[in-house]
Amino acid sequence: MPELPEVETVVRGLRACLPGRTFLEIRLGKTDFIDDPAALEKSLPGSRIVDVVRLGKFVRIVLKTGSPPGPLPRPPLHFIIHLGMTGQLTVARPSDPIAPHTHCFFVLDDGREMRYTDIRRFGRMLLVPESGLGEFGGRLGKEPLEIDAEEFCARLGSRRARVKALLLDQRVLRGVGNIYADESLFRARLHPARIAQRLTKKQLLALHRAVREILATAIEMRGSSISDYVDAAGNRGEFQLRHHAYQREGKHCFRCGEKIRRIIVAGRSSYFCPKCQPAPRQRRIV
DNA sequence: AGCTCTTCCTGAAAGC
DNA sequence: TGCTTTCAGGAAGAGC
């Protein structure tokens with residue numbers, strides 16, 4: 001499932017081959033994950049790709065639209081894609097076999113095409129004008145790899161919610177999902193159901209550091225391939241081999257040997273070591 | 001404010 | 001064996 005490291009890996013792959021290319025035509029299959037399919041069909045053909053960047057778990061393709069109608073310079077248009085649970089953005093040759101559940105084809109002027117494949121269609125696509133980009137980004141929290149320690153502590157330490165819920169909340173931090181929340185909490189030795197406000201400064205600092213280290217390492221290893229994730233070239237990542245907690249229920253903790261447990265926190269499966277990550281003292285969960 | 005439940009969707013896995 | 005049920009989860013919205 002694509003979280004920050006997986007999306008970053010996809011973006012790096014796309015950035016290596018898309019900028020400078022122009023969309024010639026697009027073909028859409030199922031469109032229920034697209035905010036405005038007609039707008040895509042209208043705006044993408046003839047648009048030139050200026051850049052590809054990541055915004056939390058979103059891929060943002062910066063476009064210079066075609067057919068200049070007047071003398072005024074046209075502001076860029078942003079083609080924004082969320083991969084949901086099972087979304088894949090790949091660049092292929094038209095003759096390459098088409099994976100099942102491939103719903104969109106974006107034909108490029110170099111003879112290749114970008115394809116969007118999404119089994120469960122939890123993804124999302126939308127166009128955001130330059131004037132709306134600030135508002136779109138404003139609804140998202142800070143980049144986990146950019147936020148400094150003080151702001152991290154302030155953002156989380158002031159909240160009464162469970163620390164896991166805050167890590168997953170895209171308005172607090174953008175890009176962390178279930179895998180990296182659990183791995184970060186394991187590294188920081190914090191139980192997922194701990195109330196953020198009750199953490200010490202030292203613990204918050206440890207979490208800040210853990211999140212950054214986990215994400216940086218995961219990016220180096222090109223993400224975690226748990227189910228469907230592949231990068232822009234169709235390759236799997238390798239960070240799943242380094243997971244210490246996620247999906248390791250019943251297996252022994254690499255640190256202390258205790259069996260990893262799974263509980264539900266914030267409506268999500270949460271894997272942790274009951275010895276390394278002791279439960280909060282009062283109202284303990286499970 | 002923050003929690004739980006529901007919805008979207010498919011395929012894998014568990015249950016019978 | 002083969003069918004049916006359950007579950008997983010990112011995000012948004014409803015309701016408490």
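Here is the naming used below: chain letters follow the sequence lines, and residue numbers restart at 1 for every chain.
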[X] has an atom [atom1]; how far is it from atom [atom2] of [N], in whole Å?
X      : N      : atom1 : atom2 : value
A/L83  : C/dG10 : CG    : C1'   : 11 Å
A/F33  : C/dA11 : CZ    : P     : 17 Å
A/R171 : B/dA1  : CZ    : P     : 10 Å
A/I80  : C/dG10 : CD1   : P     : 20 Å
A/Y180 : C/dG10 : OH    : P     : 12 Å
A/R121 : B/dT7  : CZ    : C1'   : 14 Å
A/L167 : C/dG10 : CG    : P     : 13 Å
A/K164 : C/dG10 : NZ    : C1'   : 12 Å

Proximity to the side chain of [X] - top-ranked nucleotide from [options]:
X      : options               : answer
A/D32  : B/dT4, B/dC9, C/dG10  : B/dC9
A/N178 : B/dG11, C/dG9, B/dG2  : C/dG9
A/R268 : C/dG9, C/dA8, B/dG2   : C/dG9
A/R120 : B/dT10, B/dC3, C/dG10 : B/dT10
A/R262 : C/dA8, B/dT10, B/dC3  : C/dA8
A/I119 : C/dG10, C/dA8, B/dT10 : B/dT10

Counting the atoms with a prime plus P, OP1 and OP2 as sugar-phosphate, which does A/Y246 contact under 4.0 Å by heavy atoms, base, sugar-phosphate, or nothing?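 Sugar-phosphate, no base atom in range.
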
Classify A/D118 by what it touches in the nucleic acid, base, sugar-phosphate, or nothing, heavy-atom distance under 4.0 Å.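 Nothing, no heavy atom under 4.0 Å.
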
Cationic tip of A/R121 above A/F33 ring, under 6.0 Å, 45° of axis: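 Not flagged: A/R121 not positioned over aromatic ring of A/F33.
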
Nearest 0.5 Å, what's the CD-OG1 distance between A/E113 and A/T102?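 It comes to 9.5 Å.
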
Taking atom CD of A/E41 and atom OG1 of A/T31, what is their separation to the nearest 0.5 Å?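 OG1 of A/T31 is found 8.0 Å from CD of A/E41.
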
Is any side-chain N or O of [X] closer than 4.0 Å to OP1 or OP2 of [N]?
X      : N      : answer
A/K30  : B/dT10 : yes
A/H101 : B/dC9  : no
A/Q170 : C/dA11 : yes
A/R159 : B/dA1  : no
A/H82  : C/dA11 : yes
A/S269 : C/dG9  : yes

Determine if A/F122 stacks with C/dG10; use a centre-to-centre distance below 5.5 Å and an interplanar angle below 30° as the criteria.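 Stacking is present between C/dG10 and A/F122, given that their ring centres fall under 5.5 Å apart and the planes under 30°.
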
Report, as yes or no, whether the 6.0 Å neighbourhood of atom CZ on A/R209 holds more than 12 heavy atoms from other residues, nucleotides or ligands.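 Open.
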
Intermediate values then yes/no, salt bridge (charged side-chain N to carboxylate O under 4.0 Å, His left out), A/D32 and A/K30: CA-CA 6 Å; A/D32 53 354; A/K30 291 185 178 176; over 6 Å; no

Spell out, as yes or no, whether a donor-acceptor pair under 3.5 Å connects the side chain of A/H252 to the backbone of A/G257.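 It does hold such a pair.
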
